[in-house]
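All heavy atoms count here, side chains included; hydrogens, waters and symmetry mates do not. FYI, the numbering just counts along the sequence from 1.
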Amino acid sequence: MRTIVLSILLVLVLCPDAPAQHASPGPTQAPSVRSEKYYRSELYMGMSIPGGAMVSDDNWETFLNDVVTPLFPDGFTVLGGRGQYREKSGTIAKESSHVLVFLYRRGDRRGAGAKIESIRDEYKKRFSQESVLRVDVTKSVLVSF
C-alpha cells in the first residue's frame with residue numbers, strides 16, 4: 001500500500017501540469033426558464049380605404065412609428081393576413097390586413113387596454129375605417145424568456 005501511495009505522490013510531483021481526473025458529474029439539470037403570466041390582445045386592421053384606396057406600406061410604417069411604438073416601446077408583433085367581413089351595407093369586403101399582437105403583464109392590464117383602444121381609435125380615424133376588430137384573451141398566458 002505504501003508503494004502505491006508513494007507512486008501517486010511521485011507522479012503528482014513530477015507531472016504538475018497533468019490534467020486532474022475528476023469523477024464524472026451526475027446528470028445536469030436543465031437551466032431554469034423564467035416564466036411570467038401575461039395577457040394577450042390582438043387588433044385586426046384592414047388595409048382597404050373606402051373609395052378604393054389602400055393603406056400604403058409607407059402609411060402603415062408611419063402609423064406604427066408614430067402611434068403604436070410610443071405606446072408599446074417594449075415591443076409588439078405584426079402579422080400579415082387576408083380577411084373578409086360583412087360591412088354595414090351588407091357587402092362582403094375582402095382585403096389584406098395586419099394583425100397587431102400585444103402581450104402585457106397582468107399588472108399593466110388596465111393601462112395596456114386603454115393604449116390599445118387609442119391605437120384602434122386612431123387607425124379608424126386616420127384611415128376612414130368602419131371598424132377595427134379587437135380580441136382580448138381573458139385568461140393569462142404563460143410567457144417564457
Enquirer: Are the side chains of Glu95 and Gln84 in contact, using a 4.5 Å heavy-atom criterion?
Expert: no
Enquirer: Hey, are Asp136 and Arg134 close enough for a salt bridge, meaning a charged N less than 4.0 Å from a carboxylate O?
Expert: yes
Enquirer: Between Tyr104 and Tyr38, is the ring centre distance below 6.0 Å?
Expert: no
Enquirer: Atom CZ of Phe72 and atom OG of Ser41: how far apart are they, to the nearest 0.5 Å?
Expert: 7.5 Å
Enquirer: So, taking the atom named CZ in Phe102 and the one named CG in Leu71, what distance separates them when rounded to the nearest 0.5 Å?
Expert: 8.0 Å
Enquirer: Would the distance check show the side chain of Thr62 and the main-chain N or O of Asp58 forming a donor-acceptor pair, the cut-off being under 3.5 Å?
Expert: yes
Enquirer: Do Leu100 and Thr77 have side-chain heavy atoms sitting under 4.5 Å apart?
Expert: no
Enquirer: Count the heavy atoms of every other residue, nucleotide or ligand shown that sit under 6.0 Å from CZ of Arg86, and state whether that count exceeds 12.
Expert: no
Enquirer: Are the side chains of Ile119 and Phe63 in contact, using a 4.5 Å heavy-atom criterion?
Expert: yes
Enquirer: Quick one, Val78 and Leu64 - any side-chain contact, counting heavy atoms below 4.5 Å?
Expert: yes
Enquirer: Just how far is it from atom NZ of Lys37 to atom OG of Ser140, taken to the nearest 0.5 Å?
Expert: 4.5 Å
Enquirer: Which heavy-atom pair separates Thr138 from Tyr39 by the least distance, and what is that distance?
Expert: O-CE2, 3.5 Å
Enquirer: In Å, rounded to the nearest 0.5 Å, how long is the span from CE of Met47 to CE of Met54?
Expert: 7.5 Å
Enquirer: Which pair of non-hydrogen atoms, one from Gly46 and one from Ser97, has the smallest distance, and what is that distance?
Expert: CA-CB, 4.1 Å
Enquirer: Using only atom types and a distance under 3.5 Å, with no angle test, would you say the side chain of Gln129 pairs donor to acceptor with the backbone of Ser48?
Expert: yes
Enquirer: Glu130 and Lys88: which non-hydrogen atoms are nearest, and at how many Å?
Expert: OE2-N, 3.1 Å
Enquirer: Using a 6.0 Å cut-off, check whether atom NZ of Lys124 has over 12 heavy atoms from anything other than its own residue.
Expert: yes
Enquirer: May I ask you to check whether over 12 heavy atoms, not counting those of Asn65, lie within 6.0 Å of atom CG?
Expert: yes
Enquirer: Go through the side-chain N and O atoms of Asn59 and Ser56 and say whether any donor and acceptor fall under 3.5 Å apart.
Expert: yes
